[in-house]
Protein chains: 2
Amino acid sequence: MTGTSEASLIDRCRRSGLRITGPRRVILEVLQSAEDHPDVEELHRRVSRIEPGVNIATVYRTMNKLAEHGLIERHMFDDGRQRFEPAPAAHHDHFINVESGEVVEFCSEEIERLQEEIAKSHGFEIVSHKLEIYVRPRRSR
Amino acid sequence: MTGTSEASLIDRCRRSGLRITGPRRVILEVLQSAEDHPDVEELHRRVSRIEPGVNIATVYRTMNKLAEHGLIERHMFDDGRQRFEPAPAAHHDHFINVESGEVVEFCSEEIERLQEEIAKSHGFEIVSHKLEIYVRPRRSR
DNA sequence: CTCTAGTTGCAACTTGTTCGCAATTAAAAC
DNA sequence: GTTTTAATTGCGAACAAGTTGCAACTAGAG
């Protein structure tokens, strides 16, 4: 999520043979500095704040390109809209706070292991997985 | 998923105060005998085979009503369209075969338990969750 | 049998996303 | 630097899934 990362998105795009244009540069900046999991409209809003005139179709196209090249990760939570995060180093799952919409990442070795085990016992090989836990702040206690 | 069930969907609708009309009766039949997780278009197709003339908007509205009353469960897999299954007795998760699109149910006490634990440690209370494992048949071995 | 609120078909609409196309442009090749 | 050309862009139109307004219809309570 955050800019803890290594090589800038821009560099990684170049290495993937993607052209760095004006609009794209801004989109990448926005993505790189995103601390959350914005959807396309939100990205477009942030981009427009920096440089108005970038069409939302361009944002869509750019996100598709980036996803194709594995440079970002696309999520589809229950609100039915795509959300993105710069491809994280390690896999993780998500808490979605149903009250605020906020997304929190977490990971559990143990759950991953159990999944492997269960898949195997069903004769499957895991391609990918998605664990979303819809939560609310624990009251009282 | 299958008709292993108890009280018919129709009865449960009546008990929920939903009217049983012609179109609705057919939709419920189709749902009840579904062995899979059909989307609205597929449901509509099946309904139309039994009784043509039912509008797809009616299927949408009926599914919304049923979901409101907890009589069916709505899923949103990565294909981005709603899919449904008659509300199952017990919670379960899903394998989605990425090659065939087929959906297989499974459940794991242990994973559920771990989720609780992790949520708690983050100060959350679980509202619901969703674990989807995208798989393919295990080759060779 | 009557009456009314729930339900339906239909067409129009909304929302999120993609597409065609002509104009622009990054960056590879001179 | 200049040329070249394939990738990218803006724009408006087109899509796809799902929803809605409304007048007509009807299940089921009384």
Side-chain angles (χ1 to χ4, degrees), chain A residues 8-31 37-48 50-69 71-72 74-84 101, chain B residues 8-31 37-45 47-48 50-69 71-84 101:
Chain A
S8 71
L9 257 184
I10 293 195
D11 291 343
R12 301 175 57 213
C13 279
R14 273 221 180 73
R15 246 170 269 147
S16 287
L18 295 176
R19 270 208 213 152
I20 307 304
T21 65
R24 194 166 279 178
R25 169 172 281 108
V26 180
I27 294 171
L28 293 173
E29 264 171 40
V30 166
L31 262 178
H37 297 65
D39 61 21
V40 172
E41 303 232 359
E42 178 58 26
L43 287 171
H44 183 238
R45 216 171 294 126
R46 296 182 193 175
V47 166
S48 300
I50 300 177
E51 165 157 335
V54 175
N55 196 285
I56 196 167
T58 299
V59 181
Y60 274 109
R61 280 187 287 224
T62 303
M63 298 319 278
N64 287 341
K65 266 277 139 73
L66 295 180
E68 257 169 50
H69 289 260
L71 301 174
I72 58 173
R74 189 196 311 264
H75 298 293
M76 192 70 172
F77 300 137
D78 273 355
D79 58 3
R81 40 215 299 155
Q82 318 180 357
R83 290 155 169 276
F84 301 90
Chain B
S8 71
L9 257 184
I10 292 194
D11 292 343
R12 301 174 58 211
C13 279
R14 273 221 180 72
R15 245 170 271 149
S16 288
L18 296 176
R19 271 208 213 153
I20 307 304
T21 65
R24 194 166 278 180
R25 170 172 281 109
V26 180
I27 294 171
L28 294 173
E29 265 170 40
V30 165
L31 261 179
H37 298 64
D39 61 21
V40 172
E41 301 232 0
E42 177 59 25
L43 286 171
H44 183 238
R45 218 172 291 126
V47 166
S48 300
I50 300 178
E51 165 157 335
V54 176
N55 196 285
I56 196 168
T58 299
V59 182
Y60 274 110
R61 279 188 286 222
T62 303
M63 299 318 279
N64 286 341
K65 267 277 140 74
L66 295 180
E68 256 170 47
H69 289 259
L71 301 174
I72 57 174
E73 211 164 84
R74 191 195 310 262
H75 297 295
M76 192 75 167
F77 300 138
D78 274 354
D79 58 4
R81 40 215 297 155
Q82 317 181 355
R83 291 155 170 274
F84 301 91

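Each chain gets a letter, A, B and so on, in the order the sequences are listed, and its residues count up from 1. Since we're looking at a predicted model, the values are computed, not measured.
- A side-chain donor-acceptor contact under 3.5 Å links B:H44 to the backbone of B:V54.
- Using a 4.5 Å cut-off on side-chain heavy atoms (C-beta onward), B:M63 and B:R74 make no contact.
- For the pair B:L43 CG and D:dA17 C1', the interatomic distance rounds to 14 Å; values are reported in whole Å.
- Look at B:N64 and you won't find any side-chain N or O under 4.0 angstrom from OP1 or OP2 of D:dG18.
- The closest side-chain heavy-atom distance from A:I27 to A:V59 is below 4.5 Å.
- Taking both residues in full, the closest heavy atoms of B:A67 and B:I72 are given as N-CG1, 3.6 Å, listed atom of the first, atom of the second, then distance.
- Residues B:I20 and B:Q82 both approach DNA chain D. Their nearest nucleotides, taken by heavy-atom distance, put B:Q82 toward the 5′ side.
- Looking only at distances, no side-chain donor or acceptor of B:R24 sits under 3.5 Å from a matching main-chain atom of B:T62.
- Counting heavy atoms from C-beta outward, B:L31 and B:L71 have side chains that stay 4.5 Å or more apart.
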Quick one, give me the B/S/- string for nucleotides 3-15 of chain D, reading 5' to 3', where B means a protein heavy atom under 4.0 Å from the base and S means that only happens at the primed atoms, P, OP1 or OP2.
---BBSBBB----
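- Across the protein-nucleic acid pair, B:R15 atom CZ and D:dG28 atom P stand 14 Å apart, rounded to whole Å.
- With respect to B:D39, the salt bridge (charged side-chain N to carboxylate O under 4.0 Å, His left out) criterion is satisfied by exactly one of B:R83, B:R45, B:R81: B:R81.
- Note on B:R25 versus B:E29: no salt bridge recorded, every NZ/NE/NH1/NH2 to OD/OE distance being 4.0 Å or above.
- B:E42 places its CD atom 14 Å from the P atom of D:dG18, with the value rounded to the nearest Å.
- The shortest side-chain heavy-atom distance between B:H37 and B:H75 falls under the 4.5 Å cut-off.
- B:Y60 has no side-chain polar atom (N or O) that falls below the 4.0 Å cut-off from OP1 or OP2 of D:dT19.
- Rotation axes derived from the C1' atoms of the five outermost pairs at either end of the helix from C:dC1-D:dG30 to C:dC30-D:dG1 lie 40° apart, to the nearest 10°.
- Considering every non-hydrogen atom in both A:A57 and A:N55, the closest pair reads N-OD1, 2.8 Å.
- If you walk DNA chain C from 5' to 3' and mark each nucleotide with an atom closer than 4.0 Å to a heavy atom of chain A, the marks span C:dG16 to C:dA27.
- Checked by atom type, the side-chain pair B:D11/B:S8 shows a donor-acceptor distance below 3.5 Å.
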